[in-house]
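Start at 1 with the first residue, then count along the sequence.
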Amino acid sequence: MLTHTAQALSRRQWSKMLVDQRDMAPFNPAEQDWMTNEWLPRTVRENGYRFGAILVAHNVFARLATNQFIMASRELPHTYRTFEVEAEAVAWLTEHK
């Protein structure tokens, strides 16, 4: 799914994504590694991904995994923000060009 999402960003020339993790289970170590070290750097570099608004998971372990992912991505020309309220996430994405 994430590979197709990256391709859609490129095809549509989108740079933003609303990520709904509210019902997400925690990443396993292999998923965390792939997203952090392969998917995100490639998607930023090759597909123009610049802004991600994340609706945080209810599961505390999923939240921790997301925080680790965000911290690991700090070197990239990309910005993540986390939100509890969807309308606030959409508003934040809308104000970024």
Worksheet item: Step by step, would you call V56 with E84 a side chain to side chain contact (heavy atoms under 4.5 Å, CB included)?
Response: CA-CA 6 Å; V56 294; E84 298 280 343; 3.3 Å; yes

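- Across all non-hydrogen atoms, the minimal contact from R50 to P77 is CD-O, 3.0 Å.
- For Q32 (side chain) and A65 (main-chain N/O), a donor-acceptor pair under 3.5 Å exists by modelled atom type.
- With rounding to the nearest 0.5 Å, the separation of CG in L93 from CD in E88 is 12.5 Å.
- Partner of S73 under the side chain to side chain contact (heavy atoms under 4.5 Å, CB included) criterion, out of T36, L40, T79, V44: L40 alone.
- For H58, the NE2 atom sits in a packed shell: over 12 heavy atoms of surrounding residues, nucleotides or ligands are nearer than 6.0 Å.
- No single ILVMFWY cluster, assembled from side-chain heavy atoms under 4.5 Å apart, contains both W34 and L64.
- Between the side chain of N47 and the main chain of S10, no donor-acceptor pair closer than 3.5 Å is present.
- The backbone N or O of A53 sits nowhere less than 3.5 Å from a side-chain atom of R81 that would complete a donor-acceptor pair.
- Side chains of P26 and N59 form a contact here, defined as non-hydrogen atoms less than 4.5 Å apart.
- No donor-acceptor pair under 3.5 Å is formed between the side chain of D33 and the backbone N or O of P29.
- Atom CE of residue M17 and atom NE2 of residue H78 lie 6.5 Å apart, to the nearest 0.5 angstrom.
- Closest of all the heavy-atom pairs between R22 and D20 is NH2-OD2, 2.6 Å.
- Checking side-chain atoms of K16 against main-chain N and O of F51 turns up no donor-acceptor pair under 3.5 Å.
- Taking a 6.0 Å sphere around CD of Q13, one finds it holds 12 or fewer heavy atoms contributed by other residues, nucleotides or ligands.
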Practice prompt. Evaluate the criterion side chain to side chain contact (heavy atoms under 4.5 Å, CB included) for residue pair V19 and L55; output intermediate values, then yes/no.
Written response: CA-CA 6 Å; V19 182; L55 297 172; over 6 Å; no

Worksheet item: How far apart are the C-alpha atoms of F83 and I54, what are their side-chain angles, what is the distance that settles it, and do they pass the side chain to side chain contact (heavy atoms under 4.5 Å, CB included) test?
Response: CA-CA 6 Å; F83 298 87; I54 300 173; over 6 Å; no

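- In this pair, W92 and H96 present their aromatic rings tilted. The plane angle is within the 30 to 60° band.
- In this structure, Y49 and T5 have side chains that are not in contact, with every pair of non-hydrogen atoms separated by 4.5 Å or more.
- Closest heavy-atom contact between A57 and M24: CB-O, 4.2 Å.
- In this structure, A8 and W14 approach most closely via the heavy-atom pair O-CE3, 4.2 Å.
- By the 4.5 Å heavy-atom criterion applied to side chains, T66 and Q21 are counted as neighbours.
- Side-chain contact between V90 and L18 is present, with heavy atoms from C-beta onward closer than 4.5 Å.
- A donor-acceptor contact shorter than 3.5 Å is absent between the side chain of E38 and the backbone of M35.
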